[in-house]
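All values below were derived from every heavy atom in this structure, side-chain atoms included, with hydrogens, water molecules and symmetry-related copies excluded.
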Amino acid sequence: MVDRILKTTSATEKTRMEIEKIFSIQESMIMDTIKRLKEENKPITNDYIVSRSLFSFWTRLFNRAYENILWDKSLTNIFNKQFTRNKAEHILNEFRWLRNRIAHNGCVIDMKYSPEIYCNKILKLLEIIDPKLSAWSNKQIDMELLG
C-alpha cells in the first residue's frame, strides 16, 4: 500500500522516508490491536479494531506525513474549513499529553493549561468536527455538574 501511495505523490526522499516510517508504525499498532483481541478471544472485526486501537494511533493520523495522502485528497472534504490538519494535530497532541499524565498517574500540577481550558479546547475541537457532537458533550458536562 505504501508503494502505491508513494507513486501517486511527488514526495521528496525525506518525505518518502517519513511516510514509510509512519505507515510502519501505524501498521504495527493495528497488528498489536489484533494480537490483543485474539488474546482476549474477541472477534477481529472493524468495530473491535477501531474501538481497541490506541489513542496515539488516532492522533498520528493527523501527522504531517499524512498531509498529501489523507488530508489533501480526502479529509478536507469531510471536515469544515476551520479543521486544519495542523491545528488538529496540535490540539490532539496536547490532549494525548494530558491523557497520558492522568492514565499513568503522572503529576498534573504543572499542566500547561487549567483543566477548564483543556475542557474548552476539547469542546471546540468537537464543535469543529461536528456541532451536534459538541452540543451533546456540553449537555453531558452540564448534567454531570448539576448531578
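Residues N93 and R96 have side chains in contact (heavy-atom distance under 4.5 Å, counting atoms from C-beta outward). Inter-residue side-chain proximity for N86 and H90 is flagged as unmet; no heavy-atom pair is nearer than 4.5 Å. Annotation: side chain of W136 is in contact with side chain of Q140 (closest heavy-atom distance under 4.5 Å). Side-chain contact between L61 and Q26: present, with at least one pair of heavy atoms (C-beta onward) separated by less than 4.5 Å. By the 4.5 Å heavy-atom criterion applied to side chains, L123 and I141 are counted as neighbours. Counting heavy atoms from C-beta outward, N138 and L126 have side chains that stay 4.5 Å or more apart. Contact check for R60 versus E89: no side-chain heavy atoms found under the 4.5 Å cut-off. The shortest side-chain heavy-atom distance between K112 and Y118 falls under the 4.5 Å cut-off.
Side chain of T59 to main chain of S56: a donor-acceptor pair is present (N/O by atom type, distance under 3.5 Å, no hydrogens or angles). Side chain of R99 to main chain of F55: no donor-acceptor pair is present (N/O by atom type, distance under 3.5 Å, no hydrogens or angles). Using modelled atom types, no side-chain atom of S24 and backbone atom of E20 make a donor-acceptor pair closer than 3.5 Å.
Contact record, R85 with R64: NH1-N, 3.3 Å, taken as the closest heavy-atom pair. Between W58 and V50, the shortest heavy-atom distance links the atoms CZ2-O, 3.6 Å. The two residues I44 and I34 make their nearest non-hydrogen contact at CD1-O, 3.8 Å. A pairwise comparison of heavy atoms in S53 and F57 identifies CB-CD2, 4.1 Å as the closest pair.
Enclosure of atom CD in E40 by more than 12 non-hydrogen atoms of other residues, nucleotides or ligands within 6.0 angstrom is indicated.
Note: N100 CG to F95 CZ = 13.5 Å, rounded to the nearest 0.5 Å. Distance check: K124 NZ to E127 CD gives 5.0 Å after rounding to the nearest 0.5 Å. Between atom CG of residue N120 and atom CG of residue L125 there is a gap of 12.5 Å, rounded to the nearest 0.5 Å. Atom NZ of K42 sits about 14.0 Å away from atom CD1 of I49, to the nearest 0.5 Å. A distance of 8.5 Å separates CD1 of I25 from CG of N63, quoted to the nearest 0.5 Å.
Aromatic ring orientation, F23 versus Y66: tilted (interplanar angle from 30° to 60°).
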